[in-house]
Amino acid sequence: MNILVVNCGSSTLKFQLIDSETEQVKASGNCERIGLDGRIKYNAGSQKTVLETSLPDHAVAISRVFDLLTDAKDGVINSLDEIHAIGHRIVHGGEKFSSSVVITEDIIKEIETCNSLAPLHNPANILGIRACQRAMPKIKHVAVFDTAFHQTMPAKAYLYALPKEYYSKYGVRRYGFHGTSHSFVSKRLAELAGLDYGNSKLIICHIGSGASISAVKNGKSIDTSMGMTPLEGLVMGTRSGDIDPAIIEFICQKENISVNEMSVILNKNSGLLGLSGVSNDFRDLQEAAENGNKDAVNSYDVFVYRIIKYIGAYYMALGGADAIAFTAGIGENSSEVRKSIMDGLAAIGVEIDEEANKKRGEEVLLSTPSSKIPVWSVPTNEELAIARETARLI
Ligand code: AMP
């Protein structure tokens, strides 16, 4: 079966066409600058194409993607009949969705009720669903939620100590994100470490430009560092992660700015970028740190220290850990960060294998045979996870 995986942002539409039997990616790409001017990056095998083309809305973008997939020269299928289902990434499923679902009109309405929890993402996700449904009304469309995997968290992990009516009236609670990745990587980690997934204690560190850690007990998420929104928890590329909430009012008064403006600062101008003043890209930051930039060194240290603290907390929440995984751009590729973190985990018996840790972007055991907890690098693959979920549901 060919499954098209679609991930829509407000001005982007990322896609992959995946053969669900062989799990091979037949084609992939990204429509950018939708609603502005428009550009499509398209990859099929060794063929890489960049098209400057008008993309006034998501409907036009998806129809251009279909043209490319069926193109006589660059296409990978003969007709749209060869696409058997579409899997859509949805950022926020609130408390309504604890697993993936086949999309109906009622489901779209339910997703819309979660829009206020993710105002930048969910409306764009729904635009993508509508555009794909209009183009391909006969096939099944499946929604796979970033929040679903974390719906197993107990109340003690998801409740904030706020007046309780904010939870009952507005759904203010921890939801957690990157769920597709945490689910995919935790299953694979159990396999790699020779553990029974249903009887294991795992800590998953998804460290990319967005970053979150989860504690997975017996195959279920019991805690995660992102909260009601993806702003909480670790230091990220441009997001602050945890701060004292009183800082918001303090800065608003000092700088004479609104809460909305402060929210933009916390989401877009903080994290590694804000602390270093250099870049939100980890490689730039490392280069600056190596060249002696003090702010870059400090932001590296804050970033690593926060991760170590969360791992320590989840070690206690789980009552120990059978294995730990690093994943996503930084977790899969940065030997330096993995070493800094693993050195910080000596108290729980983690020992790094320096040679193995030189490897990048692949599944590799990073700890020594005598390490009390095995630590693995496990590349994540959210698109494949969405394709698997879609194939399972149809
Ligand atoms: P992601 O959001 O998972 O795509 O991760 C993006 C982040 O991974 C960016 O901050 C990149 O700088 C970082 N990254 C990618 N490759 C490397 C690498 N070889 N070493 C350090 N950081 C990397």
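All heavy atoms count here, side chains included; hydrogens, waters and symmetry mates do not. Counting starts at 1 for both ligands and their atoms, following the listed order.
The backbone N or O of Lys220 lies less than 3.5 Å from no partner atom in the side chain of Thr152, so there is not a single donor-acceptor pair.
Interface atoms of ligand 1 facing Ala328, defined by a heavy-atom separation under 4.0 Å, are 3 (O). With ligand atoms numbered from 1 in the order given, ligand 1 contributes 21 (C) to contacts under 4.0 Å with heavy atoms of Ser334. Listed by number with element, the atoms of ligand 1 under 4.0 angstrom from any heavy atom of Arg360 are 19 (N).
The protein heavy atom nearest to atom 6 (C) of ligand 1 is Ser209 N, 3.7 Å. Counting protein heavy atoms only, atom 18 (C) of ligand 1 is closest to Asn333 CB, 3.4 Å. Scanning all protein heavy atoms for the shortest distance to atom 22 (N) of ligand 1 gives Arg283 CG, 3.7 Å. Looking at atom 13 (C) of ligand 1, its nearest protein heavy atom turns out to be Ile330 CG1, 3.6 Å. Regarding atom 14 (N) of ligand 1, its nearest protein heavy-atom neighbour is Gly329 O, 3.7 Å. Closest to atom 12 (O) of ligand 1 among all protein heavy atoms lies Asp281 OD1, 2.7 Å.
In terms of N/O distances under 3.5 Å, ligand 1 is not approached by Gly208. At under 3.5 Å, a nitrogen or oxygen of Phe282, whether backbone or side chain, sits near a nitrogen or oxygen of ligand 1.
Heavy-atom distances between Gln286 and ligand 1 reach below 4.0 Å in at least one pair.
Using a 4.0 Å threshold on non-hydrogen atoms, atom 4 (O) of ligand 1 does not count as touching the protein.
Salt bridge Glu383/Arg89: absent, no basic N to carboxylate O contact under 4.0 Å. A salt bridge links Glu23 with Arg388: the distance from a Lys NZ or Arg NE/NH1/NH2 to an Asp or Glu carboxylate oxygen falls below 4.0 Å. Comment: Arg360 does not engage Glu332 in a salt bridge, judged by the lack of any side-chain N to carboxylate O separation of less than 4.0 angstrom. Using a cutoff of 4.0 Å between basic side-chain nitrogens and carboxylate oxygens, Lys359 and Glu362 are not scored as salt-bridged. Checked for salt-bridge contact, Lys109 and Glu112 miss the test: no charged N lies under 4.0 Å from a carboxylate O.
A distance below 6.0 Å separates the ring centres of Tyr175 and His92.
Between the side chains of Glu232 and Tyr160, at least one donor N or O lies within less than 3.5 Å of an accepting N or O.
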Problem set entry | Worked check of side chain to side chain contact (heavy atoms under 4.5 Å, CB included) between Phe66 and Ile83 | CA-CA 10 Å; Phe66 290 144; Ile83 297 177; 3.9 Å; yes
